[in-house]
Amino acid sequence: MNLIRPYGDTTGDGMVQLSFTLPIEHSKVAEGAAVQLANKMGMDPALVVHAKAMGDGFTFFVVYGRVNHLVDPSTVEVVERDYPLLTPKEANAAIKRSMRRRLVVVGGCIGTDAHTVGIDAILNIKGFAGEKGLEYYRELKVVNLGAQVSVPQLVEAARAEKADAVLVSQVVTQRDAHLLNTREMSAAFREAYPSDKRPLLVVGGPRFDETMADELGVDRVFTRGTTPGEVASFIVHRIAGPRPARNQEKAS
């Protein structure tokens, strides 16, 4: 058992840094309240190292202190990549060999979400992190619906374009809007399509938990830092990959 402890100034000292906002005017009382909160969260001692007023009635804090908690990495659950990373050339060849037509991808931001940076980074040819977006792939037809797309509009566009995969980006997370929107979307696609005809559903955003795919009713959840190549490789693997692998996934 390889238990580990947070590191701050010296190995194993248990020091951590925490930031949060309290709905209170900046004052000594406010800083005391921040320390009290940190203490209740298990930081002892705790020291306010930064405090700044954030408009009327709000203060932002950074607190530094010691915790006694240990972490066991062997019990951590993550979603490991279970498909090979493909170059655009390899992805194009796989699609051409398996489908004999272009693979259709429809994407956008649903609900009131107007933040297209994420979906554009994956779909637009300029891409992200030095990788070209899906528009760069010769054998992919990409339809980017942009921002504030309603779920019925997304389903309608997917049907009209005969989409093989649907990509949704969600940045707005207040009151778990990203989770509610995703569940609404997956339910709408289940209602609109027979189970064997539904397009691949992929969602992404900075606040998603990648282990929640089954709970949300989608095929994959991507989190912060995902590159276009990772998304393209997953889509190609699931839709145009070797037949035995796809059958094994469905059986499981």
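- Side-chain atoms of Ser19 and Phe61, non-hydrogen and from C-beta on, never get closer than 4.5 Å to each other.
- Between Ser169 atom OG and Leu123 atom CG the span is 9.0 Å, to the nearest 0.5 Å.
- Atom CD of residue Glu210 and atom CD of residue Glu80 lie 8.5 Å apart, to the nearest 0.5 angstrom.
- In this model, no donor atom of one side chain and acceptor atom of the other lie less than 3.5 Å apart for Ser233 and Glu230.
- Looking at Val106 and Leu145, their side chains come closer than 4.5 Å, going by heavy atoms from C-beta outward.
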- Show your working on side-chain contact (heavy atoms from CB on, under 4.5 Å) between Phe20 and Val63 and close with a plain yes or no. CA-CA 9 Å; Phe20 52 85; Val63 179; 3.8 Å; yes
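- Val143 and Leu140 sit in two unconnected hydrophobic clusters of ILVMFWY residues. Membership requires side-chain heavy atoms under 4.5 Å apart, directly or through other members.
- The side-chain heavy atoms of Val218 and Phe208, taken from C-beta on, include no pair separated by under 4.5 Å.
- Note that CD of Glu90 and CZ of Arg97 are 10.0 Å apart. Values are rounded to the nearest 0.5 Å.
- Between the side chains of Asp120 and Asn144, at least one donor N or O sits under 3.5 Å from an acceptor N or O.
- Formation of a donor-acceptor pair under 3.5 Å by the Thr10 side chain with backbone atoms of Asp13 is not found in this model.
- For the residue pair Val203 and Met185, the shortest heavy atom distance occurs at CG1-CE, 3.8 Å.
- Taking all atoms of both residues into account, the shortest heavy-atom contact from Pro199 to Ala165 is CB-N, 4.1 Å.
- Looking at Asp113 and Gln148, their side chains never bring a donor and an acceptor atom within 3.5 Å of each other.
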Could you pull out all donor-acceptor pairs under 3.5 Å where a side-chain atom in residues 31-54 meets a protein atom, sequence neighbours excluded?
unit_1: Glu31; atom_1: OE2; unit_2: His26; atom_2: NE2; d: 3.1
unit_1: Asn39; atom_1: ND2; unit_2: Met43; atom_2: O; d: 2.7

- Message: As a quick check of understanding, evaluate side-chain contact (heavy atoms from CB on, under 4.5 Å) for Asp72 and Asn2, giving each step before the final call.
- Response: CA-CA 6 Å; Asp72 183 359; Asn2 184 27; 5.6 Å; no
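- Residue pairs satisfying the salt bridge (charged side-chain N to carboxylate O under 4.0 Å, His left out) criterion with at least one member in residues 157-183, sequence neighbours excluded, are listed as follows: Arg101-Asp164, Lys141-Glu161, Arg183-Glu215.
- A salt bridge between Asp82 and Arg238 is absent, with no side-chain N of the basic residue lying under 4.0 Å from a carboxylate O of the acidic one.
- Annotation: the span from Tyr137 atom OH to Ile235 atom CD1 amounts to 9.5 Å, rounded to 0.5 Å.
- Within a 6.0 Å radius of CD in Gln17, other residues, nucleotides and ligands contribute more than 12 heavy atoms.
- Residue Tyr136 places its OH atom among 12 or fewer non-hydrogen atoms of other residues, nucleotides or ligands, all under 6.0 Å distant.
- Leu134 is connected to Val236 through a chain of hydrophobic side-chain contacts under 4.5 Å among Ile, Leu, Val, Met, Phe, Trp and Tyr, so both are in one cluster.
- Residues Leu22 and Ala30 share a closest heavy-atom pair of CD1-O, 4.4 Å.
- For the pair Val202/Val166, no side-chain contact is recorded, criterion being any heavy-atom separation below 4.5 Å from C-beta on.
- Across all their heavy atoms, Ser186 and Gly217 have their closest contact at CB-O, 3.3 Å.
- Figure legend: cation-pi geometry between Arg5 and Tyr7 absent, as NZ or CZ is not positioned both under 6.0 Å from the six-membered ring centre and within 45° of its axis.
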- Hey, mind stepping through Arg198 and Asp219 against salt bridge (Lys or Arg N to Asp or Glu O under 4.0 Å) and telling me if it holds? CA-CA 11 Å; Arg198 176 179 62 78; Asp219 297 286; 3.0 Å; yes
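- Residues Leu167 and Met99 fall within the same hydrophobic cluster, defined by Ile, Leu, Val, Met, Phe, Trp and Tyr side chains chained together at heavy-atom separations under 4.5 Å.
- Separating the CZ atom in Arg102 from the CG atom in Asn92 is a distance of 9.5 Å, to the nearest 0.5 Å.
- With hydrogens and angles ignored, the 3.5 Å screen pairs no side-chain donor or acceptor of Ser98 with any backbone N or O of Ile95.
- Under the 4.5 Å side-chain criterion, counting only non-hydrogen atoms from C-beta, His115 is not in contact with Val117.
- Within the 4.5 Å cutoff, side-chain heavy atoms of Pro84 are placed close to those of His237.
- For the pair Val151 and Ala188, the tightest heavy-atom approach, listed with the atom from each and the gap, is CG1-CB, 3.4 Å.
- The two residues Pro6 and Val16 have their closest heavy-atom pair at CB-CG1, 3.5 Å.
- Here the CG atom belonging to Leu85 is positioned 7.0 Å from the OG1 atom belonging to Thr227, to the nearest 0.5 angstrom.
- Checking side-chain atoms of Gln170 against main-chain N and O of Gly205 turns up no donor-acceptor pair under 3.5 Å.
- In the hydrophobic clustering of this structure, Phe189 groups with Leu216; members are Ile, Leu, Val, Met, Phe, Trp, Tyr whose side-chain heavy atoms approach within less than 4.5 Å, directly or through other members.
- Between Ile122 and Phe222 the shortest side-chain heavy-atom distance does not fall below 4.5 Å.
- Phe234 carries Arg220 over the face of its six-membered ring, with the cationic atom under 6.0 Å from the centre and within 45° of the normal.
- Cluster membership check: Ile239 does not share its hydrophobic cluster with Leu201, using side-chain heavy-atom separations under 4.5 Å among Ile, Leu, Val, Met, Phe, Trp and Tyr.
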